[in-house]
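Each chain gets a letter, A, B and so on, in the order its sequence line appears, and its residues count up from 1.
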Protein chains: 2
Amino acid sequence: MSTLEPRTIPQTSSKVISIGELRAHCSNCSMRELCLPFGLASSEVDQLYSIIGSRVKLKKGEPLFRNGAPFAALYAIRLGSIKTTMLSDDGREQIAGYHMPGDILGLDGMSTNRHECEAIALEDTEACVIPFERLEEISRKVPALQHSLHRVLGREIGHDHRQLLLLGSMRAEERLAAFLLNLSERYKCRGYSSTEFVLRMTREEIGSFLGLKLETVSRLFSRFQEEGLVQVQGRAVKIVDLPTLKQLASVR
Amino acid sequence: MSTLEPRTIPQTSSKVISIGELRAHCSNCSMRELCLPFGLASSEVDQLYSIIGSRVKLKKGEPLFRNGAPFAALYAIRLGSIKTTMLSDDGREQIAGYHMPGDILGLDGMSTNRHECEAIALEDTEACVIPFERLEEISRKVPALQHSLHRVLGREIGHDHRQLLLLGSMRAEERLAAFLLNLSERYKCRGYSSTEFVLRMTREEIGSFLGLKLETVSRLFSRFQEEGLVQVQGRAVKIVDLPTLKQLASVR
DNA sequence: CGCGCCGTTGATATTATTCAAGACCAGTGG
DNA sequence: CCACTGGTCTTGAATAATATCAACGGCGCG
């Protein structure tokens, strides 16, 4: 089954909800502060909402889009979480992003009109489909929306650069500390606890994201626990000593 | 001397050429095929050109913009080369990009309205200043330009993701091979030799870019030379065995 | 209940870094 | 013209960090 036939909707078997079935609207979506609508007046949000043709529901492990699939839309996560992975020719994979509600996915497709990575749900997940041509169209009419899109793009680039810094110049323990702090911060922004959360990735996936092997990640968790920085039980993490963790990650 | 006072023009002592002095125009710039004008009709290029307020000339080592500087413009390199570096709080730096003519810089500033990295000239360099607000303005009127900007942004994101793959999952020799192939490809696109070129970075800078130490880079160059993959003399590189190099980098 | 995936931990191997010394090269000033 | 200097590059030896290999325990699910 080729992933290359042109389609507007992601290559997945999951249910696509037609717009008629939607009750939720951007303006009462709990993620509007982090997502594309941020900073828009309500009439502007309405225009954005008007082009959101559908939502997608994904079960754990299902792809939102696959490597090489035609690019037709951006996706805003409403619920759940998604990893994006880059594939090298010899089969190795590198997790490039770990996304949660409010994040916008699919930006990588804008240059070649093909997605250049895979986006896989880490748990049951729901995302809004934002047809890109229509988004371009209305963002020409609505400066605030254009600006918002640019802000999202800049944020993605900034994040990638910080991840380059992490992978290129931090040691293993610094990487894990930075990872935990990053999650902490993002959960906080979303109104969840910044000190207790459940990881949605396996040790192997965390390792891939951080440029480490799964055993190294596991050992580090154990050591952090010994040293009283965190409490870990499988994927449940509780941050105990935030200051030391910050110092480790050399993050302000 | 603070780098934070608001200015439109980069914080540098270099000469800024007013528009009156310009002879060159986008449409006869040799980089138009790679740069923002790509795919635009000539009247559209004229509109783009109309907002390019000035060009900047930088001497080797001078900054195009500094970390934390206010974001007001994108920059298109006409001539020369520029590195962009991320700074961690404890002073370490990571080179996030190695840019050459036709590349667009400054995209990282779009989210926070501050540049989040430093852009330093690696040799005498010339860049066009593209005021961002005006670019947003005319890209609302000119769909092709809007699209071109999005393409540039997508390209940057795609490039960053490939660099994440490199830093996160390739071994030292694979990284250097991939680096050389990437340069080869880019020089080729620009009409230069794809097999013989001069590096504009020191071993230390290459190391930073690749997440390695300068000694490791030096040893790898020596080994590649022994193995007949390249000929190296200081910064002058000649690629001898392209196929093996490609195989090493596991790049198609 | 058993199987498969996930996570932990130890022993060992490998890779890259660190430390150190010296060569090379271009620019500078005597 | 030459010696001097600072930055860059190369190479070797020792060391540290992380990966690899291997064994096992636990948990969830069919």
Side-chain angles (χ1 to χ4, degrees), chain A residues 59-61 83 90-95 120 122-124 166-180 198-227 229-238 248-249, chain B residues 59-61 83 90 92-95 120 122-124 166-180 198-227 229-238 248:
Chain A
K59 289 208 207 37
K60 181 176 172 175
K83 65 172 176 180
D90 61 345
R92 272 176 291 187
E93 68 171 354
Q94 169 71 26
I95 297 187
I120 310 283
L122 292 165
E123 61 190 308
D124 289 4
L166 182 146
L167 291 177
S169 66
M170 293 174 97
R171 298 179 317 116
E173 56 172 21
E174 299 172 319
R175 294 184 200 185
L176 187 62
F179 172 69
L180 292 172
V198 175
L199 302 168
R200 295 302 176 180
M201 295 200 283
T202 65
R203 299 291 189 256
E204 183 167 21
E205 287 167 330
I206 296 169
S208 170
F209 189 49
L210 300 179
L212 303 169
K213 292 299 166 184
L214 68 97
E215 295 95 329
T216 306
V217 174
S218 179
R219 279 183 240 275
L220 284 170
F221 271 126
S222 302
R223 219 180 75 206
F224 280 8
Q225 175 147 269
E226 270 175 41
E227 293 168 354
L229 303 178
V230 297
Q231 279 179 28
V232 190
Q233 240 177 334
R235 303 198 189 172
V237 174
K238 180 175 176 177
L248 248 186
Chain B
K59 290 209 205 36
K60 182 177 173 176
K83 65 173 176 179
D90 61 345
R92 272 176 292 186
E93 69 171 352
Q94 168 72 26
I95 297 187
I120 310 284
L122 291 165
E123 60 191 308
D124 289 2
L166 182 145
L167 292 178
S169 65
M170 294 173 95
R171 296 177 322 113
E173 57 172 22
E174 299 173 319
R175 295 184 199 184
L176 188 63
F179 172 69
L180 292 172
V198 175
L199 303 168
R200 296 302 176 179
M201 296 200 281
T202 65
R203 299 290 187 258
E204 184 167 22
E205 287 167 329
I206 296 169
S208 170
F209 189 50
L210 301 179
L212 302 169
K213 293 297 166 186
L214 71 97
E215 295 95 329
T216 306
V217 174
S218 179
R219 277 182 242 275
L220 284 170
F221 272 125
S222 303
R223 219 180 74 205
F224 281 7
Q225 175 148 270
E226 271 175 39
E227 293 167 354
L229 302 178
V230 297
Q231 280 180 29
V232 190
Q233 240 176 335
R235 303 199 188 171
V237 174
K238 180 174 177 179
L248 248 186

task: For the helix from C/dC1-D/dG30 to C/dG30-D/dC1, measure the angle between the helix axis at one end and the axis at the other, each built from five pairs, rounding to 10°.
output: 30°
By side-chain contact (heavy atoms from CB on, under 4.5 Å), which residues pair with [X], not counting sequence neighbours?
{"X": "B/S218", "result": "none"}
{"X": "A/E205", "result": "A/K83, A/I95, A/L122, A/M201, A/T202"}
{"X": "A/K238", "result": "A/E196, A/Q231"}

- request: Only one of A/L248, A/L220, A/L212 passes side-chain contact (heavy atoms from CB on, under 4.5 Å) with A/R175; say which it is.
  value: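 Considering A/L248, A/L220, A/L212, a side-chain contact (heavy atoms from CB on, under 4.5 Å) with A/R175 is found only for A/L212.
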Among the candidates [options], find the nucleotide nearest to the side-chain atoms of [X].
{"X": "B/L214", "options": "D/dT10, C/dT8, D/dA19", "result": "D/dT10"}
{"X": "A/R171", "options": "D/dT8, C/dT17, D/dT18", "result": "D/dT18"}
{"X": "A/A172", "options": "D/dT18, C/dA16, D/dA19", "result": "D/dT18"}

- prompt: Should the pair A/R223-A/E227 be classified as a salt bridge under the 4.0 Å nitrogen-to-oxygen rule?
  reply: yes
query: Any salt bridge between B/K213 and B/E215, counting N to O under 4.0 Å?
result: no
Rounded distance in Å - [atom1] ([X]) to [atom2] ([N]):
{"X": "B/R203", "N": "C/dA23", "atom1": "CZ", "atom2": "P", "answer": "19 Å"}
{"X": "B/E174", "N": "D/dA19", "atom1": "CD", "atom2": "P", "answer": "14 Å"}
{"X": "A/E204", "N": "C/dC6", "atom1": "CD", "atom2": "C1'", "answer": "10 Å"}
{"X": "B/K213", "N": "C/dA20", "atom1": "NZ", "atom2": "P", "answer": "16 Å"}
{"X": "A/L212", "N": "D/dT20", "atom1": "CG", "atom2": "C1'", "answer": "14 Å"}
{"X": "B/M170", "N": "C/dA16", "atom1": "CE", "atom2": "P", "answer": "12 Å"}
{"X": "B/E205", "N": "D/dC9", "atom1": "CD", "atom2": "P", "answer": "9 Å"}
{"X": "B/I206", "N": "D/dT8", "atom1": "CD1", "atom2": "P", "answer": "12 Å"}

task: With sequence neighbours excluded, tell me which residues meet side chain to side chain donor-acceptor pair (under 3.5 Å) with B/E174.
output: A/R92
query: With B/R200, which residues qualify under side chain to side chain donor-acceptor pair (under 3.5 Å), at least two apart?
result: B/E123
Produce the list of close N/O pairs, under 3.5 Å, pairing protein atoms with atoms of nucleotides 24-27 of chain C; give distances to one decimal.
none

Is any side-chain heavy atom of [X] less than 4.5 Å from a side-chain heavy atom of [Y]?
{"X": "B/L176", "Y": "B/I206", "result": "yes"}
{"X": "A/L229", "Y": "A/L180", "result": "no"}
{"X": "A/L210", "Y": "A/T216", "result": "no"}
{"X": "B/V217", "Y": "B/E204", "result": "no"}

message: Which residues pass the salt bridge (Lys or Arg N to Asp or Glu O under 4.0 Å) test with A/R235, not counting sequence neighbours?
response: none
- prompt: Heavy atom of residues 218-225 of chain A under 4.0 Å from DNA chain D: which residues?
  reply: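 Contacts with DNA chain D under 4.0 Å: A/R219.
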task: May I ask you to list the residues of residues 229-238 of chain B, by number, that have any heavy atom positioned under 4.0 Å from an atom of DNA chain D?
output: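 Contacts with DNA chain D under 4.0 Å: B/R235.
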message: Keeping B/Q94 on the side-chain end and B/G211 on the backbone end, is there a donor-acceptor pair under 3.5 Å?
response: no
message: Using a heavy-atom cut-off of 4.0 Å across all strands, would you classify A/G211 as base, sugar-phosphate, or nothing?
response: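 Counting heavy atoms under 4.0 Å across all strands, the contact made by A/G211 is with sugar-phosphate only.
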task: Kindly write out the residues that satisfy ring-ring contact (aromatic ring centres under 6.0 Å, His included) with B/F209, not counting sequence neighbours, or none if the list is empty.
output: B/F179
task: Let me have a per-nucleotide readout for nucleotides 22-30 of chain D, 5' to 3', with B, S or -, counting only protein heavy atoms under 4.0 Å.
output: ---------
- prompt: Between A/S208 and A/E93, what is the shortest heavy-atom contact and its length?
  reply: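 Here A/S208 and A/E93 meet closest at OG-O, 3.4 Å.
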message: Minimum heavy-atom separation for B/L166 and B/A178, please, with both atom names.
response: CD1-CB, 3.8 Å
